[in-house]
Amino acid sequence: MIDRQALRKEFDRLQAAIARRGGDVIAPGSAWARVAELDVRQRELKTESEAQQAERNRASKAIGMKKSTGEDATAEIAAMGEVSRRVKELDTLAKDAEAEFAAALLEIPNPLHDSVPDGESEDDNVELRRWGTRRTDDVPPHWDIGTDLGILDFEAGARLAGSRFTVIRGAAARMERALMQFMLDLHADKHGYEEVWVPAIANSRTMTGTGQLPKFADDLYKLEGEDAYLIPTAEVPVTNLYQDKILDASDLPIRHCAYTPCFRREAGSAGRDERGIIRQHQFDKVELVHITTPERVLSDLNELLGHAEAVLEALELPYRTMQLCTSDIGFSSQLTFDLEVWLPSQNCYREISSCSSFGQFQGRRAGIRYRDEGGKPQPAATLNGSGLAIGRTLVAILENYWQADGSVSIPKVLQPYMGGMQVISK
RNA sequence: GGAGAGAUGUCUGAGUGGCUUAAGGAGCACGCUUGGAAAGCGUGUGUACUAUAAUGGUACCGAGGGUUCGAAUCCCUCUCUCUCCGCCA
């Protein structure tokens, strides 16, 4: 959410930062186009309403005084009937205007950070660096590798739940679990994160705090008849751990790692990645979340990115680090770096982690604040990144560690987590 | 799911219609006192919006409605928490 004061004082600067996203974000009729006017209207009504309320408070007090001394207040009470009616009327108008304004604010995306490169599509994302040696020989797609080894059962997943669900069996199931353990251990023990375990269901307030609602309801699974949604990422419950809290500056930065399942409806991505387990309705992920101060955002994001890269390097998976351009950055984010892992069967890099700074955008929405040096509450800055998406890591291992005899060797760091197993074969 | 009890500021805790601009206590901050500390004494101590040159104004006692000239207080609906019972991994 953008800052209300900034909306008035720095309208042009904000508009420019939002407009860089392209498309229709500032087009006529958009939330942005309406919000300035709604703000003015909301304030006018509120000022008028408050003036009436002040009058009512004064008069009520006077009546109270008279009554307590036994004087007659009939005339005053009669006169107050009209004032009271006006207060009710104005207060209703003011509240409606405020609600309309607040609703519009929630629809406005985060102004982009100045450092975000311009671009028309994801093709304009900027490659920052590459790590590892890509294998370029012929490798079958992971769905064939998994099916041949009997460790991925697409038919069973579809029968149990529908398309984009898969049953993982045997050594691959074990590897799924090993990956969670390995990643959490790395972040908790080596990178200094506090591990948390959180609900996989969140209410609408929580979903609004991190920006999934109100705009992206179609991407979420909602529980029937309840104010409850399946989380699309651990970002939602972990960041909102501090919802409506005022933190001490000395508490920051807070760093959490968490494993959760993630649920996404994938509305609008029909046809994309239909085979295999790259794009599933349910997948596992280890997430990194920072709560920090606005001043620290760039250095903290850099560290977080390093923590995610460390996972790929430990698993010896080749990857590249991308900076997302203006048109590819998510609604809530101001600055995003993606990690893309090499998939030899597709002969390209595929996203496996997304590390973002949200600036104070989520802090304002979720009411996460901290006291600055002057003791004043300020919205905290939030960051998060995948460290990593487990399912896609499994894909990357199956393909990058595939051997010509059809077997898949197991990355060294995972072997202790898999009872010493070194290779998956028939 | 059934029965009951609750929800007040950082915490505790009073407050059943009008000097409540939320008592008292604890905690915290500052000052006095002290060789230093404790105790004691004094002062201060929420959030948000809004106005002004400045003092201000309004809202917030779980949420939303209602009654009233006036609601933390009365009424209605909802949410959550706790206790007991039932069910259950």
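Residue numbers begin at 1 in each chain, while the letters A, B, ... track the order of the sequences.
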Check: Of the nucleotides B:G18, B:U47, B:A51, which one has an atom closest to the side chain of A:P377?
Finding: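 Of the options given, the side chain of A:P377 lies nearest B:U47.
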Checklist line | Rounded P spacing from B:C75 to B:A7 in Å | finding: 14 Å
Checking base pairs now: Watson-Crick or wobble, both atom distances under 3.5 Å. What partners [N]?
{"N": "B:U47", "result": "B:A59"}
{"N": "B:U52", "result": "none"}
{"N": "B:C84", "result": "B:G2"}
{"N": "B:A89", "result": "none"}
{"N": "B:C69", "result": "B:G18"}
{"N": "B:A7", "result": "B:U79"}

Check: Relative to the ring of A:W32, is the ring of A:F11 parallel (under 30°), tilted (30 to 60°) or perpendicular (over 60°)?
Finding: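 Rings of A:F11 and A:W32: parallel, under 30°.
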Item checked: First encountered from the 5' end of RNA chain B, between A:R371 and A:S84 ->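 Going by which nucleotide is closer to the 5' end, it is A:R371.
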Item checked: Upstream residue (5' side of RNA chain B) when A:E55 and A:T47 are each assigned their closest nucleotide -> A:T47
Is the gap between the ring centers of [X] and [Y] under 6.0 Å?
{"X": "A:Y193", "Y": "A:H256", "result": "no"}
{"X": "A:Y259", "Y": "A:H187", "result": "no"}
{"X": "A:Y229", "Y": "A:Y221", "result": "no"}

[N] [atom2] sits how many Å from [X] [atom1], rounded?
{"X": "A:R4", "N": "B:A51", "atom1": "CZ", "atom2": "P", "result": "13 Å"}
{"X": "A:Q52", "N": "B:U58", "atom1": "CD", "atom2": "P", "result": "12 Å"}
{"X": "A:I246", "N": "B:U45", "atom1": "CD1", "atom2": "P", "result": "17 Å"}
{"X": "A:D91", "N": "B:U50", "atom1": "CG", "atom2": "P", "result": "16 Å"}
{"X": "A:K46", "N": "B:C60", "atom1": "NZ", "atom2": "P", "result": "12 Å"}
{"X": "A:K88", "N": "B:G70", "atom1": "NZ", "atom2": "P", "result": "7 Å"}
{"X": "A:I63", "N": "B:G18", "atom1": "CD1", "atom2": "P", "result": "14 Å"}
{"X": "A:N57", "N": "B:G70", "atom1": "CG", "atom2": "P", "result": "10 Å"}

Check whether any side-chain nitrogen or oxygen of [X] sits under 4.0 Å from OP1 or OP2 of [N], and answer yes or no.
{"X": "A:Q378", "N": "B:A48", "answer": "no"}
{"X": "A:Q53", "N": "B:A59", "answer": "yes"}
{"X": "A:R58", "N": "B:U58", "answer": "no"}
{"X": "A:R369", "N": "B:A48", "answer": "yes"}

Notebook entry, point to check: Can we say A:D248 and A:R371 salt-bridge, meaning some charged N sits less than 4.0 Å from an Asp/Glu carboxylate O?
Noted result: no
Item checked: Exercise: do A:E50 and A:T47 side chains pair donor with acceptor under 3.5 Å -> no
